[in-house]
Number of protein chains: 2
Amino acid sequence: MQNLEKILAHNHIKPTAMRLLVLQFLLNKKVAISLTDVENYFDQSDRTTLYRTLNTFVAKGISHKIDDGTGITKYALCEENCHCEINTDLHLHFHCTNCNETVCITDYKIPQIHLPKGYIAENVNLVVKGICDKCNCK
Amino acid sequence: MQNLEKILAHNHIKPTAMRLLVLQFLLNKKVAISLTDVENYFDQSDRTTLYRTLNTFVAKGISHKIDDGTGITKYALCEENCHCEINTDLHLHFHCTNCNETVCITDYKIPQIHLPKGYIAENVNLVVKGICDKCNCK
DNA sequence: TGCCTTATGCAACGGAAGTGCATTATTTGC
DNA sequence: GCAAATAATGCACTTCCGTTGCATAAGGCA
Ligand SMILES: [Mn+2]
Ligand SMILES: [Mn+2]
Ligand SMILES: [Zn+2]
Ligand SMILES: [Zn+2]
């Protein structure tokens, strides 16, 4: 897929084989994925390379880290034109305690929070835990 | 302080020496504390005992765990009449990236969140990172 | 006092993030 | 095209924190 290479090139990431594969994997998944998820999927590859690949994607701005409270860092591709900015791009994350999956609820942008005097907000993390729509319908 | 023993007794926690000391420590601190914080303060005591003490306090409902995104679990005493319920007791937590302290902003209760169809919320975690009032005034 | 429940102390484990460094691949200058 | 420089990869190892198992000590109750 030339599309993949374009995405990487556009974000100044050199398109190595592994990076293309990981990007493809992220694109296909509709849920947030962990390093272990990637590691299990590409079981011939090295964990450190995958670790650094995911972090490169975050550093270059094509994906964002998600702390869903499980203690396992998750990753998901950013939306088009996302800059991970506090007032425009940050969104709710939902973690299902049944299927253990975490999803971006990008439609739910985090509202501005009015802190007490003197506090300055630089980042916000909003995570809801519960039952996801799939698990709920069963 | 008989007060300490009353708090424990009222919550069905046997008032051992260590528990009284830890409770005192929590009461004095205005910020959320980690297991390591307690461990450093009582440096003659055992880490596991402190760990279980903190978790007993949570289980019995006198304090709550805080996941501030640093990867280090914090603890803070609950307010009066708190039952850690999603719609009435959950509040904002603020983590200062300068002094590395985490505080409960109990005045800021987490508003009800309207999820997409099918999702059921059981718990919410809202953490703001930035500069706290103390660090900001310097 | 003696029994039973609970708390404590010590040791060890496990998962996950992160780092150092040698090796391999790729780009760049000539 | 070739050599040097730069970047990516693979392997080993570390660190940090949370957690558990188990033996011992302490405390409550009959
Ligand atoms: Mn997201
Ligand atoms: Mn709190
Ligand atoms: Zn689910
Ligand atoms: Zn501060």
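Across residues 47-60 of chain B, Arg47(B), Thr48(B), Tyr51(B), Arg52(B) each have a non-hydrogen atom less than 4.0 Å from an atom of DNA chain D (numbered order).
Annotation for Lys134(A): atom NZ does not count as buried by contact number, only 12 or fewer foreign heavy atoms lying within 6.0 Å.
When the side chain to side chain contact (heavy atoms under 4.5 Å, CB included) test is applied to His10(B), no partner is found at least two apart in sequence or on another chain. For Arg47(B), the side chain to side chain contact (heavy atoms under 4.5 Å, CB included) criterion is met by Leu35(B), Thr36(B), Glu39(B), not counting sequence neighbours.
Among Ile33(B), Thr49(B), Thr73(B), the single residue meeting the side chain to side chain contact (heavy atoms under 4.5 Å, CB included) criterion with Leu54(B) is Ile33(B). The side chain to side chain contact (heavy atoms under 4.5 Å, CB included) with Val128(B) is formed by just one residue from the set Ile86(A), Leu115(A), Ile110(A), Leu126(A); it is Leu115(A).
The distance from atom NE2 of His12(A) to atom P of dA8(D) is 14 Å, rounded to the nearest whole Å. In this entry the distance linking CG of Asp46(B) with P of dG21(D) reads 17 Å, nearest Å. Counting to the nearest Å, the P atom of dG18(D) and the CD1 atom of Ile33(B) are 11 Å from each other.
In this pair, His91(A) and His64(A) present their aromatic rings perpendicular. The plane angle is above 60°, beyond the 30 to 60° band.
Note on residues 95-138 of chain B: pairs passing ring pair (Phe, Tyr, Trp, His ring centres under 6.0 Å), not counting sequence neighbours, are Phe94(A)-Tyr119(B).
Residue contacts for Thr73(A): at a heavy-atom cut-off of 4.0 Å it reaches the sugar-phosphate backbone alone, with no base atom in range.
A side-chain donor-acceptor contact under 3.5 Å links Lys129(A) to the backbone of Asp68(A). Here the side chain of Asn136(A) pairs a donor or acceptor atom with the backbone of Gly118(B) at under 3.5 angstrom.
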Taking only nitrogen or oxygen atoms into account, show me every contact under 3.5 Å that the protein makes with nucleotides 25-30 of chain D, one pair per line with its distance.
none

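Donor-acceptor pairing under 3.5 Å is lacking for the side chains of Asn87(A) and Lys109(A).
For DNA chain C, the span of nucleotides reached by chain A at under 4.0 Å from its heavy atoms goes, 5' to 3', from dA16(C) to dG20(C).
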